[in-house]
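Report on one structure; see the data block that follows.
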Amino acid sequence: LFAEAEKLLHDPLNRLAHLLVRPVALVLFLFGLTCGGADFAAFAPTTIVMIAALWIGKPLGVLAGAAAAWRLLRLPLPAGIGPATMMRIAGLSSLALTAPALALGSAIPGGAMAEAARLGLALGLLAIPALLLARIR
């Protein structure tokens with residue numbers, strides 16, 4: 001996870017980052033155990049809406065934000081970042097599941113609708129093989 005040179009640096013930020021690797025992994029594991037379960041029998045229209053929001057909405061939002069910053073604000077793209085890289089970044093944004101899983105409890109009433117949305121979040125991980133195939137080509 002860290003660059004080789006980072007191991008030799010002993011500034012406070014690098015020390016903190018190295019100290020937090022294991023606790024953060026443990027917390028994410030426990031989060032997955034408590035909030036990550038999905039019931040495959042809960043498939044409903046909410047599941048499809050959730051998958052569409054992850055696979056279409058989030059990448060389009062990232063691309064629209066980048067385009068607005070580039071065109072309207074006249075901000076230059078960083079060196080080495082082109083349209084293909086922006087598409088990859090937008091595709092990777094569809095994999096962020098922690099915030100939607102946390103917001104699920106307050107955004108959607110409980111019961112069958114929440115279970116269907118949680119299933120949509122879990123099925124959203126099916127984007128990983130597509131992103132890996134796009135990376136290979």
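All of these numbers come straight from a predicted model, not from anything done at the bench.
With hydrogens and angles ignored, the 3.5 Å screen pairs a side-chain donor or acceptor of T47 with a backbone N or O of A116. Checked by atom type and distance alone, the side chain of W55 never pairs as donor or acceptor with a backbone atom of S94 at under 3.5 Å.
For the atom pair CD1 of I51 and OG1 of T46, the computed distance is 11.0 Å after rounding to the nearest 0.5 Å. Taking NE2 of H18 as the start and NE2 of H10 as the end, the distance is 8.5 Å to the nearest 0.5 Å. Remark: L30 CG to L26 CG distance equals 4.5 Å, nearest 0.5 Å. Rounding to the nearest 0.5 angstrom, the gap separating the CD1 atom in I108 from the CE atom in M50 is 5.0 Å.
Residue-environment remark: CE (M86) exceeds the threshold of 12 foreign heavy atoms within 6.0 Å.
No chain of hydrophobic side-chain contacts below 4.5 Å, direct or via other Ile, Leu, Val, Met, Phe, Trp or Tyr residues, connects V27 to F29. Under the 4.5 Å side-chain contact rule for hydrophobic residues, L126 and L121 share a cluster. In the hydrophobic cluster analysis, where Ile, Leu, Val, Met, Phe, Trp and Tyr join through side-chain heavy atoms closer than 4.5 angstrom, L60 is grouped apart from L72. Under a hydrophobic-cluster definition in which Ile, Leu, Val, Met, Phe, Trp and Tyr are linked whenever side-chain heavy atoms come within less than 4.5 Å, directly or via other members, L13 and V24 are assigned to different clusters. Hydrophobic clustering places L63 together with I81 (ILVMFWY residues linked when any side-chain heavy atoms are closer than 4.5 Å, directly or through intermediates).
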Between L75 and W70, is the side-chain contact (heavy atoms from CB on, under 4.5 Å) condition met? List the steps.
CA-CA 5 Å; L75 296 175; W70 184 50; over 6 Å; no
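Counting all heavy atoms, side chain and backbone alike, E115 lies closest to A42 at CB-CB, 3.7 Å. Summarising the geometry of G80 relative to T85, their closest heavy-atom pair is O-OG1, 3.9 Å, with the distance given to 0.1 Å.
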